[in-house]
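First listed ligand is number 1; within each ligand, the first listed atom is number 1. Since this is a predicted model, take the numbers as computed values, not measurements. Basis for what follows: all heavy atoms, side chains included, without hydrogens, waters or symmetry-related copies.
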Amino acid sequence: MRVRVYRDAESVARVLAREIARCVNAGPALVLGLSTGRTPIPLYRELVTLHRAGRVDFSRASTFNLDEFAGLSCSDPRSYCAFMHRHFFDHVNLRRARIHMLDGAAKHAARECLRYERAIARAGGIDLQILGLGMNGHIGFNEPARALVAGTHPTRLRPASRRANAALFGHRVSAVPKAALSMGMATILHARRIVLIATGASKAGCVQRMIEGPVTPRMPASFLQLHRHAEVWLDRAAASRL
Ligand code: GLP
């Protein structure tokens, strides 16, 4: 894994936004994998700024988000879909038909996951996957477990992940859905290039285990060690235990 360390979270966002813009400008039909959570918010803000300044055109790009809460449709303001519209989609010129989200409210979750895998394949696979890092080492909603699932799948959320997502639900952990749909570990590892971002001292221990620890399903992000073009972009605080 290639590790890059920047002074602070804002610098990570600024440099990565410029790098994404460079990739989109070099290959306008770029397929981007996107993540939610607090970490990528400054990145989306920077991308919107670049777009407004005429420095990046998303009109031919496609996006696939990593995950969604079970039971929530895009019209629910607590959904990851609504989050993405608020922070990014509504402010750039991505074509609606090229924005892909898992439908948390789909009646048949397994069928929805299969549809998603096919849509990714039809788009030619993911060129650049942006990831955050869960406090318990999850990526997407691939939670620490005895074994990981390869493809996009319905999954149950661990208490730690429900706590980490409580802010979207009025800080009520009990209101956070117990299940989600998520890209699987193989779906993620098939991306041609992966950039995981982690910022803040609270992620330092997890970052250290992800990079220097063994590859284990107990730390799902450690599987990125197996990828040829995986990069970890950190601020100094998140890199403090390396
Ligand atoms: C959620 C998402 C993950 C994300 C993680 C980190 O649980 N499912 O894809 O990476 O949160 O969140 P944060 O950036 O808020 O720490």
If the cut-off is 4.0 Å to any non-hydrogen atom of [X], which atoms of ligand 1 fall inside it?
X	result
Gly132	10 (O)
Lys203	13 (P), 14 (O), 16 (O)
Thr36	4 (C)
Phe141	7 (O), 8 (N)

Exercise for the section: Measure the shortest side-chain to side-chain distance between Asn165 and Val173 over non-hydrogen atoms and say whether it is less than 4.5 angstrom. Expected result: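 The answer is no; the side chains never approach within 4.5 Å.
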Handout entry: Donor-acceptor side-chain pairing of Ser11 and Asp8 below 3.5 angstrom
Key =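 Judged by distance alone, the side chains do pair up.
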Practice task
Determine whether the side chains of Ser161 and Glu143 contain a donor N or O and an acceptor N or O closer than 3.5 Å.
Solution key: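 Looking only at side-chain atoms, Glu143 and Ser161 do form a donor-acceptor pair, the distance falling under 3.5 Å.
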Practice task
Determine, considering heavy atoms only, which of Leu133, Ile197, Ile130 sits nearest to atom 6 (C) of ligand 1.
Solution key: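 Nearest heavy atom to atom 6 (C) of ligand 1 lies in Leu133.
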May I ask you to identify the nearest protein heavy atom to [atom], giving residue, atom name and distance to one decimal place in Å?
atom	result
atom 11 (O) of ligand 1	His138 NE2, 3.9 Å
atom 15 (O) of ligand 1	Arg38 N, 2.7 Å
atom 3 (C) of ligand 1	Gly140 O, 3.6 Å
atom 12 (O) of ligand 1	Gly37 CA, 3.8 Å
atom 8 (N) of ligand 1	Asp67 OD2, 2.7 Å
atom 2 (C) of ligand 1	Tyr80 OH, 3.4 Å

Practice task
Report the part of Thr39 in contact with ligand 1, treating N, CA, C, O as backbone and CB onward as side chain, heavy atoms under 4.0 Å; options are side chain, backbone, both, neither.
Solution key: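 Looking at Thr39 and ligand 1, atoms from backbone and side chain both fall under 4.0 Å.
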Decide, yes or no, whether a salt bridge links [X] with [Y] under the criterion of side-chain N to carboxylate O below 4.0 Å.
X	Y	result
Glu19	Arg4	no
Glu46	Arg18	no
Asp57	Arg95	no

Handout entry: Flag if over 12 foreign heavy atoms under 6.0 Å of NE2, His87
Key =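 Correct, the count exceeds 12.
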Practice task
On the 0 to 90° scale, with breaks at 30° and 60°, tag the Tyr80-Phe69 ring pair as parallel, tilted or perpendicular.
Solution key: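 Answer is tilted, since the angle falls between 30° and 60°.
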Handout entry: Passing candidate, ring-ring contact (aromatic ring centres under 6.0 Å, His included) with Phe58, options Tyr44, Phe89, Phe88
Key =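 So the option named by the test is Phe88.
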Practice task
Tell me, please: is Ser35 in heavy-atom contact with ligand 1, that is, under 4.0 Å?
Solution key: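 Heavy atoms of Ser35 do come under 4.0 Å of ligand 1.
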